[in-house]
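Computation of the quantities below employed the complete heavy-atom set of this structure, encompassing side-chain atoms and omitting hydrogens, waters and symmetry-equivalent molecules. These numbers come from a predicted model, not from an experiment.
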Amino acid sequence: MALYKEQSLKIYNSMSGEKELFTPISEGNVGMYVCGPTVYSNVHLGNCRTFISFDLAFRYLKHLGYKVRYVRNITDAGHLENDAETGEDRIAKKARLEHIEPMEVVQRYTIDFHTILQKFNNLPPSIEPTATGHIVEQIETIKKIIEKGLAYEVNGSVYFDVFKFNKDHHYGKLSGRAIEDMIANTRELNAQSDKKNPQDFALWKKAEPQHIMRWPSPWSDGFPGWHLECTVMSSKYLGDEFDIHGGGMDLKFPHHECEIAQGEAATGKNPVHYWMHANMLTLNGKKMAKSTGNNILPEEIFTGKNDNLSKAFSPSVARFFMLQAQYRSILDFSNDALLASEKGFNRLMDSYRSIDQLPASSTSSFSVSEWKQRCYDAMNDDFNSPVLIATLFEAVKFINSVKEGEGKITHSDLELLKSSMQSFIFEVLGLLDVAVANENSSAKLSGTVELLIKLRAEARNNKDFATSDQIRDQLLELGIQLKDGKEGTTFSVD
RNA sequence: GGCAUCGUGGCCGAGUGGCUAGGCAGAGCUCUGCAAAAGCUCGUACAGCGGUUCGAAUCCGCUCGAUGCCUCCA
């Protein structure tokens, strides 16, 4: 029997503002769409947090036995830097600054994006469509919306008629806005706007002569509006209605609001059943954003080359740090927080590795099956990874107590403990055991250290503490820590 | 200005009416030749002010503060 039949997953739906029992449209199958990046520069750590959050959801849904189709787009068509009627798109700007083709910009940063997410051990999505690969579909959707009378053409550009749409629908229902408030709060636009109303948004923009990324359409040589690609690609691969749509909190308005409007205008159906929004990662208390320069690159974490960092941290430590906060909470990045996470992460891994060495008893002093269900309870509660991690640490405490000869565990509980820890740490949380990953290259090292441990033990037996301490202290200087336990000495490498 | 989210012990972060996570740091003890590691014990926090309630960090109101969106952003 599939696990999802035993576990009841609740997801916080941004649309209702409540945690709702998750029921997919088609039993056993989940369609999930997440807004991907615009590839005009390196992904920063804040971007990564969002994608790690949805990777966690993807992993858990799969773990529960769902067949998941995870679609995440790449925005590679240039979109304007602001809502002005003229201006340069960010990809073209980057191309001009670096003297390369716009598609070279796209290629370079798509590769960077993939490389970084792979280091964080994110699973690749099932489909990763690009905006430029779906121009035809986007034009077709614009035609549909025009036919419904909810879009209009002006000077080769097509705009979505928000006011007209709002007569029969509620534009603003996701972000809790009323159109009257939007009008009251509208900022002054430049006078030469083609839009009927400032709230209208572009479905198609006529390209200026210098605009490189352009495609023919019934209205003009131009390019699609930013919001359109997600509507088109999500419906193409997941259907007019699908289960989960995710993205960063900053996309809630206007991007996701526009997606809903486009979907409802084109098909008459409300496209998304569960809206999920991942919260921001902040640096120095401020949102990380490419546009303000308040950001830190993942590569700088891995190398330690950033003024905010005292040392380098592995991708798994950074991932663990982020998973220690719930995805809907703002998380503030700091060196101290990362240092604390690193210690906790290492303790978790050390404990996991020691499970094989635990002696079995005839009874257990810890209910493994009950503990396991609490792990599920945590994840079932809107993917609450920090509570899952806290629960994993209960097991760590127990494992260590067995090592000390305090706790007792039966053979079958031992098996269950090991397989559960394995599932949650690696499969669900997607953490990587650095020591295991380096096993092959470190086989010689561990042999060498084992030899030194043996020599030290002999020296200690002979009360030659000068020699034994020298071995211990010099190894520590090299980053190898010896740990004396009841069952002998083990070691860990930084 | 509008809308939204949030303010938890030294730090990071869970918890949404009573049983008061977890990690890191700190203190004591056990173990140890001494340490480290590990184990045990300790800390009793919820911005402020009112209100609801037998009982509130948790619900309501107000005040203060922070952040996000309202123009591109995960």
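Counting non-hydrogen atoms under 4.0 angstrom, A:Glu394 reaches nothing in the nucleic acid. Across all strands shown, A:Asp484 has heavy atoms under 4.0 Å from base atoms, whether or not it also approaches the sugar-phosphate. Within the nucleic acid shown, A:Met280 comes within 4.0 Å of at least one base atom, counting heavy atoms only. Among the atoms of the strands shown, only primed sugar atoms or phosphate atoms (P, OP1, OP2) are found under 4.0 Å from some heavy atom of A:Ser175. No engagement by A:Asp473 is indicated, since no non-hydrogen atom pair under 4.0 Å with the nucleic acid exists. At a threshold of 4.0 angstrom between heavy atoms, the contacts of A:Lys463 with the nucleic acid are absent. Among the heavy atoms of the strands, none lies under 4.0 Å from A:Leu338. Among the protein residues, A:Lys343 comes within range of the sugar-phosphate backbone only, with heavy atoms under 4.0 Å from sugar or phosphate atoms but none that close to a base. Among the protein residues, A:Ser468 comes within range of the nucleic acid bases, having at least one heavy atom under 4.0 Å from a base atom. At the heavy-atom level, A:Leu476 lies nowhere under 4.0 Å from the strands shown. Across all strands shown, A:Asp332 has heavy atoms under 4.0 Å from sugar-phosphate atoms exclusively, and none from any base. Residue A:Gly405 is classed as having no contact, given no heavy-atom separation below 4.0 Å to the nucleic acid. Across all strands, A:Gly46 comes closer than 4.0 Å to base atoms (heavy-atom distances). Across all strands, A:His277 comes closer than 4.0 Å to no nucleic acid atom at all (heavy-atom distances).
Close to B:rA74, at under 4.0 Å from its OP1 or OP2, lies no side-chain N or O of A:Lys252. Side-chain nitrogen and oxygen atoms of A:Ser341 include none within less than 4.0 Å of the OP1 or OP2 phosphate oxygen of B:rC24. In terms of phosphate contacts, A:Asn295 brings no side-chain nitrogen or oxygen within less than 4.0 Å of OP1 or OP2 of B:rA74.
Between the CG atom of A:Asp381 and the C1' atom of B:rG13 there is a distance of 15 Å, rounded to whole Å. Whole-Å rounding puts the A:His227 NE2 to B:rC72 C1' distance at 10 Å. Taking atom CD1 of residue A:Ile389 and atom P of nucleotide B:rG13, one finds them 13 Å apart after rounding to whole Å. In this structure, A:Gln199 places its CD atom 16 Å from P of B:rC3, rounding to the nearest Å. In this structure, A:Phe424 atom CZ and B:rG22 atom C1' are separated by 16 Å, rounded to whole Å.
Comparing the P positions of B:rC34 and B:rG48 gives an interatomic distance of 47 Å, to the nearest angstrom. Taking atom P on both B:rG9 and B:rU58, the two are 15 Å apart, rounded to the nearest angstrom. B:rC42 and B:rU67 have their C1' atoms separated by 36 Å, with the value rounded to a whole Å. B:rA27 and B:rC54 are spaced 46 Å apart, taking the P atom of each and rounding to whole Å. When the C1' atom is compared between B:rG43 and B:rC60, the two are found 33 Å apart, to the nearest whole Å. Taking atom P in both B:rG61 and B:rA25, the straight-line distance is 41 Å, to the nearest Å. Nucleotides B:rC62 and B:rG23 place their C1' atoms 36 Å apart, quoted to the nearest Å. A gap of 46 Å separates the C1' atoms of B:rG2 and B:rG26, to the nearest Å.
Distances were taken from every side-chain heavy atom of A:Glu404 (C-beta onward) to each of B:rC72, B:rG39, B:rA74; the shortest belongs to B:rG39. Nearest nucleotide to the side chain of A:Gln324, out of B:rC69, B:rG23, B:rG33: B:rG23.
Side-chain contact check for A:Ile399 versus A:Met421: some heavy-atom pair is nearer than 4.5 Å.
Where RNA chain B pairs in unbroken runs of 3 or more (Watson-Crick or G-U, both distances under 3.5 Å), the stems are B:1-7 with B:64-70, B:10-12 with B:22-24, B:26-30 with B:38-42, B:47-51 with B:59-63.
Taking a centre distance below 5.5 Å and an interplanar angle below 30 degrees as the stacking criterion, A:Phe465 stacks against the six-membered base ring of B:rG33.
Below the 3.5 angstrom threshold, one finds a donor paired with an acceptor across the side chain of A:Arg472 and the base of B:rA35. A donor N or O paired with an acceptor N or O is not found under 3.5 Å between the base of B:rG23 and the side-chain atoms of A:Arg347. Between the side chain of A:Asp469 and the base of B:rA35, no donor-acceptor pair of N or O atoms lies under 3.5 Å.
Among the candidates A:Phe165, A:Tyr171, A:Trp204, the single residue satisfying the ring pair (Phe, Tyr, Trp, His ring centres under 6.0 Å) test with A:Phe160 is A:Phe165. Paired with A:Met379 under the rule side-chain contact (heavy atoms from CB on, under 4.5 Å), one option of A:Asn384, A:Thr391, A:Leu56, A:Val387 passes, and it is A:Leu56.
The backbone N or O of A:Thr130 lies less than 3.5 Å from no partner atom in the side chain of A:Glu229, so there is not a single donor-acceptor pair.
Heavy-atom neighbours of A:Lys206 NZ from other residues, nucleotides or ligands within 6.0 Å: at or below the threshold of 12.
No hydrogens or angles considered: a donor-acceptor pair under 3.5 Å links the side chains of A:Asp382 and A:Tyr327.
The minimum heavy-atom distance between A:Trp371 and A:Ser420, with the atom names listed, is CZ3-CB, 3.6 Å. Closest heavy-atom contact between A:Asp243 and A:Gly31: OD2-N, 3.0 Å.
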(Q) Between A:Phe345 and A:Arg319, is the side chain to side chain contact (heavy atoms under 4.5 Å, CB included) condition met? List the steps. (A) CA-CA 10 Å; A:Phe345 175 74; A:Arg319 185 179 173 107; over 6 Å; no
Q.
Before you tell me yes or no, could you show the steps for A:Lys403 and A:Asp350 under salt bridge (Lys or Arg N to Asp or Glu O under 4.0 Å), namely the whole-Å CA-CA distance, both residues' side-chain angles and the distance that decides it to 0.1 Å?
A. CA-CA 12 Å; A:Lys403 238 192 300 186; A:Asp350 283 350; over 6 Å; no
